[in-house]
Amino acid sequence: MFQKIFNTATRKKEIFEPIKKGAVGIYVCGITAYDVCHIGHARAAVVFDVVVRYLRSKGYAVTYVKNFTDIDDKIIDRANREGVGFKEISERYIKAHDEDMAALGVITPSVTPRATEHMAEMIALVKNLEEKGYAYCVDGDVYFEIGKYNQYGSLSGRNLEEMMAGARVDVNDKKKNPLDFALWKNSKEGEPFWESPWGKGRPGWHIECSAMSRRYLGETFDIHGGGEDLIFPHHENEIAQSRAASGKPLAHYWIHNGFVKINSEKMSKSLGNIFPVKEILKNYHPEVLRLFMLQSHYRSPVDYSDDSLAEARTSLIRCYTTLKLMKDLKGKLESDSSSASSKNPETVENYLGRFEKLIEKFDEAMDDDFNTAQALGHVFDMIRLTNNFIVDEKNIASSDKTRILAETTKVFDHFGTVLGVLQSDADHFFASDKETELRKRGLNIDEIESLVRQRESARKEKDWARADAIRKELAVLHIVLKDSPHGTSWMIE
RNA sequence: GGCGGCAUAGCCAAGUGGCUAAGGCAGCGGUCUGCAAAACCGUUAUUCCCCGGUUCAAGUCCGGGUGCCGCCUCCA
């Protein structure tokens, strides 16, 4: 099957053809390190994480570059407000970013370049543009002259007249055209600066991505990604700079992820509805957040709310319940020496055949522009099928069970590796979930366990009235009990 | 003002010309259970915002309307 990708540049799904067979170069715009990561950053990170994971699972050697913007107005502002150097701010938030990403199970990109470590490349690029006549210097600022570049607007589907009519562009009389953008900025008194042919200054925002993608992936590479808000002006400007400098296309495929809304509203500082990743992860297992995001297509907006995460948690519990059943059955099989044969040998082949089919369907969904929502549908089909097998288990010979279990494990490994979920041991997952829920609800584990023990002794004495009274008491706290021959376990609903 | 997107069950959400409109959550009936929970089985959209059109065939294409949203300014 071919990999299809919706290319923002053409607004169509296209068949993906890498420049170099078997290899993929992908550049994604990372964060500006001036604050902690919020759920929007998390979505972008998870989306491209899954893209890279899937391409790798298909055998591509993927070089994934995600940058850090570590010098910029907002970083300087924050440093001034706190009375510290800009480096302290950027270091702090890069570190926080790395912690969040690790917690979310996001695989570290192949290269994570920082703007400040590529000054020479940026200066060379700006110089190149100046020499070619695409850039002009005014008072130590260098601007890109869009009038000299006739393809401006190709990515975002705008033309110059429309944008001029829009008129909401910043007023700056140094520029020949209001849409010209800064490649290099003269540094003001007290601001950090680097020496350059235009005097002391610092890079404009867009130039770093052009310089760093070129350094690590070449003049033209396969995929460029980012949030949909970056289409204009950031990516438009990147294309203009790079293409003007090299005469070649910057990237063949442009992928943009949709936004996260909060309770149906746009997330914004003024509404005060920014959710830092760290806050969310206090209340939910990271895979809950991943599952929540992957249940929608990456280009659609997702609407974050407590209810929607709670729902995703329930779904994830369904998955881990099955993984736990598998684990227990595996344990049972190891100490089982019976050699009875299966009642219906064809059912065994039937299971194996259907597992195979689900892997194919999963991959087909992922091939179709990374349709994780559809792929998850097949994951849940696999959950149901595995549960069927577990119900059916008594009729199947041990050797066949072992075979089937090995196969289910393989299937879930594939799904889990691609989506970055189901990566925990089932018992660990439930333990961590229980801990999180207890903390969130302010419940005391000792009290609960004491009641559970009291109920267990009541049950031994067949004092059902007492047992049910305790069940009811715990139910008020949203605690659900599960009796089994080996004792009673509980979890929080 | 310009550009673009979305509208599918109680909720979330796939599906972009053709077998029975995925999947999750919630609900209902059943099996299992001392009672439950989990799991399983069955069930829940004669229909995809509205009106017209194209077609043998449309949720899916075209035209119009209504509603919601995003971008055009730093933003994942």
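In what follows, chains are A, B, ... by sequence order, proteins preceding strands, each numbered from 1. Computed over heavy atoms, backbone and side chain alike; hydrogens, waters and symmetry mates excluded.
A/V28 comes within 4.0 angstrom of no nucleic acid atom, judged by non-hydrogen atoms across all strands. When heavy atoms are screened at a 4.0 angstrom cut-off, A/F259 is found touching base atoms of the nucleic acid. Residue contacts shown for A/R471 include a base, since a base heavy atom lies under 4.0 Å away. Residue contacts for A/G40: at a heavy-atom cut-off of 4.0 Å it reaches a base atom on one of the strands shown. Using a 4.0 Å heavy-atom distance criterion, A/H297 is classed as a sugar-phosphate-only contact. Counting any heavy atom pair closer than 4.0 Å across all strands shown, A/D73 reaches no nucleic acid atom. Residue-level contact check: A/M267 touches the bases, meaning some heavy atom is under 4.0 Å from a base atom. Contacts of A/R313 with the nucleic acid, taken as non-hydrogen atoms under 4.0 Å apart, are absent. Residue contacts for A/L230: at a heavy-atom cut-off of 4.0 Å it reaches the sugar-phosphate backbone alone, with no base atom in range. Residue contacts shown for A/D483 include a base, since a base heavy atom lies under 4.0 Å away. Within 4.0 Å (heavy atoms only), A/S484 reaches no atom of the nucleic acid at all. Contacts of A/N388 with the nucleic acid, taken as non-hydrogen atoms under 4.0 Å apart, involve only primed sugar atoms and P, OP1 or OP2.
Using a 4.0 Å cut-off between charged side-chain N and carboxylate O, A/K175 and A/E145 make no salt bridge. The residues A/D35 and A/R78 are annotated as salt-bridged, a charged nitrogen and a carboxylate oxygen being separated by less than 4.0 angstrom. A salt bridge links A/E82 with A/R92; the closest basic N to acidic carboxylate O contact falls under 4.0 Å.
The base of B/G24 is paired with the side chain of A/E311 by a donor and an acceptor separated by under 3.5 Å. For A/R466 and B/G34, a side-chain-to-base donor-acceptor distance below 3.5 Å is absent, hydrogens and geometry of angles not being considered. A donor-acceptor contact under 3.5 Å is formed by the side chain of A/R459 with the base of B/G34. For A/D307 against B/C25, no side-chain N or O and base N or O form a donor-acceptor pair under 3.5 Å.
For A/L309 and B/A13, the CG to P distance is 13 Å, given to the nearest whole Å. Between the CD atom of A/Q295 and the P atom of B/G15 there is a distance of 14 Å, given to the nearest Å. Spacing between atom CG of A/N371 and atom C1' of B/G23 amounts to 11 Å, rounded to whole angstrom units. With rounding to whole Å, A/K472 atom NZ is found 14 Å from B/A37 atom P. Distance CZ (A/R384) to P (B/C25): 8 Å, rounded to an integer number of Å. Taking atom CG on A/N273 and atom P on B/C75, their separation rounds to 19 Å, with Å as the unit.
Toward the 5' end of RNA chain B, the nearer of the two residues A/L376 and A/N387, judged by each one's closest nucleotide, is A/L376. Comparing A/S308 and A/L385 against RNA chain B, the residue whose closest nucleotide sits nearer the 5' end is A/S308.
A/K13 forms no cation-pi arrangement with A/F6, by the criterion of a distance under 6.0 Å to the ring centre and an angle within 45° of the ring axis. At least one test fails for A/K185 against the ring of A/W205: distance under 6.0 Å to the centre or angle within 45° of the axis. No cation-pi contact links A/R43 to A/F259, judged by a cut-off of 6.0 Å to the six-membered ring centre and 45° from its axis.
When side chains are defined from C-beta on, A/S424 counts as touching A/Y320, because their heavy atoms get closer than 4.5 Å. Within the 4.5 Å cutoff, the side chain of A/C37 has heavy atoms near those of the A/M101 side chain. The closest side-chain heavy-atom distance from A/F415 to A/F362 is below 4.5 Å.
Residue A/R455 places none of its side-chain N or O atoms closer than 4.0 Å to OP1 or OP2 of B/G34. Phosphate contact (OP1/OP2 of B/A36, side-chain N/O of A/W464, threshold under 4.0 Å): absent. For B/C12, neither phosphate oxygen OP1 nor OP2 lies less than 4.0 angstrom from any side-chain nitrogen or oxygen of A/S315. In this structure, A/R11 does not reach the B/G4 phosphate: none of its side-chain N or O atoms is under 4.0 Å from OP1 or OP2.
Remark: the backbone N or O of A/K188 is paired with a side-chain donor or acceptor of A/E191 at under 3.5 angstrom.
Checked against the 6.0 Å centroid threshold, A/Y253 and A/F16 count as a close aromatic pair.
The gap from the P atom of B/A13 to that of B/C6 amounts to 14 Å, rounded to the nearest Å. If you take atom P in B/C51 and the same atom in B/U60, they sit 13 Å apart, rounded to whole Å.
Counting only heavy atoms from C-beta on, A/K266 has its side chain closest to B/C71 among B/C71, B/A76, B/A14.
For B/G23, the base is not stacked against the aromatic ring of A/F380, per a cut-off of 5.5 Å between centres and 30° between planes.
Ring-plane geometry between A/F144 and A/F181 is classed as parallel, the angle between the planes falling under 30 degrees on a 0 to 90 degree scale with a further cut at 60.
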Canonical and wobble pairing (Watson-Crick, G-U, under 3.5 Å) of RNA chain B, dot-bracket with |: ((((((((.[[[..)..(....]]].(((((.......))))).....[[[[[..)....]]]]])))))))....
Give every pair of a protein N or O atom and an N or O atom of nucleotides 59-61 of chain B that lie under 3.5 Å apart, one pair per line with the distance.
none

